[in-house]
Protein chains: 2
Amino acid sequence: MAITIKDIANKAGISAASVSRILTNRGRFSEATAQRVRQLAHEMGYYKNQSAADLSQKESRVIGVLVPTTHTNFADEIIKGMQTKAFELGYELLIAFVETDSQQQIKTVKSLLSRQLLAVVMLAIDIEDPVFEVLTKADVRLLSVSNQLNNVIPSISSDNYAMMHTIVDYLYNQGHRKMALIGASNPDPIVAILRRKGFIDALLDHGITYNPDFIWGVENAYQTGLDAIKKFGNPLPFTAAIGSADIISIGLLNGAKDAGIAVPDDLSIVTIDGTELTQITRPILTAAQQNFAQMGELAITTLADQNLSPHTIIFTDITLKPGDTVANIN
Amino acid sequence: MAITIKDIANKAGISAASVSRILTNRGRFSEATAQRVRQLAHEMGYYKNQSAADLSQKESRVIGVLVPTTHTNFADEIIKGMQTKAFELGYELLIAFVETDSQQQIKTVKSLLSRQLLAVVMLAIDIEDPVFEVLTKADVRLLSVSNQLNNVIPSISSDNYAMMHTIVDYLYNQGHRKMALIGASNPDPIVAILRRKGFIDALLDHGITYNPDFIWGVENAYQTGLDAIKKFGNPLPFTAAIGSADIISIGLLNGAKDAGIAVPDDLSIVTIDGTELTQITRPILTAAQQNFAQMGELAITTLADQNLSPHTIIFTDITLKPGDTVANIN
DNA sequence: ATTTTTTGAGTAAACGTTTACGCAATTAAT
DNA sequence: ATTAATTGCGTAAACGTTTACTCAAAAAAT
């Protein structure tokens, strides 16, 4: 049997209530007994039974985090950021990996919800409707990170629309006029819509009418990059491609290599995300780097705020980080 | 206020105990009331308060998982395997990321322990002594996955010693006689020791006396691979190198490229791990692939076993998966 | 028709912690 | 020296579930 507060109380010759007050540092107690109790707690190897504490307290400090199992290699960075901040502000993180299978998703979410949660954070997840229903029906704050779900729940992400301007401007300044956007042509997720719109508008700003064929590729996957090169053939009808995720850009890079297309001489590539994956390619990828750690930290501070509007949208920083995959063709 | 069992009981005109029996599917109840209760529970949006349940039950079904934040890209695969099995057997996973900072590690572990846990699984972690002490002092089953901590706590991992034989045999058959092992020269972790010993013994089995200089590199990092090439120069004094982790091997690959060393013509590479990272390199890496999903599933089934000895060591499968980084020089 | 067994469901205690309330003892203010 | 305020701590209830015990009613066995 584990040590309880009562065991400590008995040994110290005081009541359990006093021990509780001391260990939680709430209410009144004398420093003398406090020291004795803390010492005993340590000696006896006491661990608070959080379940009991949760039960007796109304306010929860536990934040659930839904992480997709589909290997998004930036999830770690966001979680790390969240953990740092949570640690600092006294919140606890409950991390759950969710599969794409909607059935299992619901089960996982329900098991999360049966802990009394303050909030649920969704990391880069396009949540399925049935799961979303379960979440909204439950009485928890919701927050979407690295994915905008405009006006439905609050979100923290890069400004995907502005980001495309940054990238297009950069490429334009390097002399590029024909550009492709690879991997953001799903109709569905808002992120893809914003990136497409941003891409098109940025081109128009420079007086370039965009070619709809040059927005191609649905899956956020390595294969998408490979396939893109296959589809457009050699020579490519554009001089620069923007990969909508690092893994896609690596596909582009390798596809180009396989097809005898030189990067950056025949094809310039800018990747979106800028995780450490971009550092282990040859040539090193030029990236529009998202600030994932910042997203994580902001997630926690945002949730700490009581009155969070579902319309809240917070944007995090973007840095254009030069690598060796963009040629100046002026 | 959230819906409780009592609310359902009131509405159904029965006692809370009956509702509990029905929802947990334990004890006796009629199918008629059961259906009514289940229907009500669904309608009213009821979620079990797991804290309360935990409190009233002695046996815990919660397994804590310690995951290092140092990006090991196979942790996901192990967790996925664990989650599948846990889901199947009715266990719940509580995942916590731990930093390398020992202070924060302890805090995280303590917060884990204040949930009533059945067990704690350590993923590829060389736990620091103070943290380990906290864990052993607590009354939970421990299990190390993807890392052997011989005879201290039970572990599930690849047979690192045998794995080296598999790799060396393979390279030997391809005609290689001079081989290097990169990234396993830490004195400390047992895994490194076993890999070194396996490497040396396997060479000796083929009548090759090994060159101690050819076991080089400590950090499990990209830079280690890059540095290795720099250190040994061009031409390299060996024809094959074994990278002790995918990320190291990618370092070797890129280092070789930078130095004008052709892979596999001038240097053959076999990588240990075989995560999907090996598929996105050019050339594709030949790998001694560990079965991480299997590790995850076995972790759960092993922990389900009551009497688990600290001496238990379970080995998972290894597959030598040919890529394009090994040349036949016979 | 009686006895035995089974079934459905209620009662109440228990899990470990927190906290509102109260009270005596101490300290401060007059 | 009296009154007022403060301090330290105990009592007891509460949180939501589970479960060992009951017990009446229904079903089965005699």
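Chain identifiers are assigned alphabetically (A, B, ...) following the order of the sequence lines, protein sequences preceding nucleic acid strands; residue numbering begins at 1 within each chain.
Closest contact between the side chain of Leu55(A) and the listed nucleotides dT22(D), dC15(D), dT17(C) involves dC15(D).
Contact between the side-chain N/O atoms of Arg21(A) and the OP1/OP2 oxygens of dG8(D) is not found at any separation under 4.0 Å. The phosphate of dT17(D) (OP1 or OP2) has no side-chain N or O of Tyr47(B) nearer than 4.0 angstrom. Residue Ser56(B) places no side-chain N or O under 4.0 Å from the OP1 or OP2 atom of dA14(C). Neither OP1 nor OP2 of dT17(C) sits under 4.0 Å from any side-chain N or O of Ser20(A). Phosphate proximity of dC15(D) to Lys6(B): absent, as no side-chain N or O sits under 4.0 Å from OP1 or OP2.
A cation-pi geometry, defined here as NZ or CZ lying under 6.0 Å from the six-membered ring centre and within 45° of its normal, holds between Lys107(A) and Phe87(B). A cation-pi arrangement is present between Arg61(B) and Tyr91(B) under the rule of less than 6.0 angstrom and at most 45 degrees off the ring axis.
Among the atoms of the strands shown, base atoms are found under 4.0 Å from some heavy atom of Ala17(A). Among the atoms of the strands shown, only primed sugar atoms or phosphate atoms (P, OP1, OP2) are found under 4.0 Å from some heavy atom of Thr4(B).
Of the two residues contacting DNA chain D, namely Ala34(A) and Val19(B), the nearest-nucleotide position lying further toward the 5' end is that of Ala34(A).
Without hydrogens or angle criteria, Asn160(B) side chain to Ser158(B) main chain gives a donor-acceptor distance under 3.5 Å.
Axis angle between the ends of the helix from dA1(C)-dT30(D) to dT30(C)-dA1(D), five pairs each and rounded to 10 degrees, works out to 30°.
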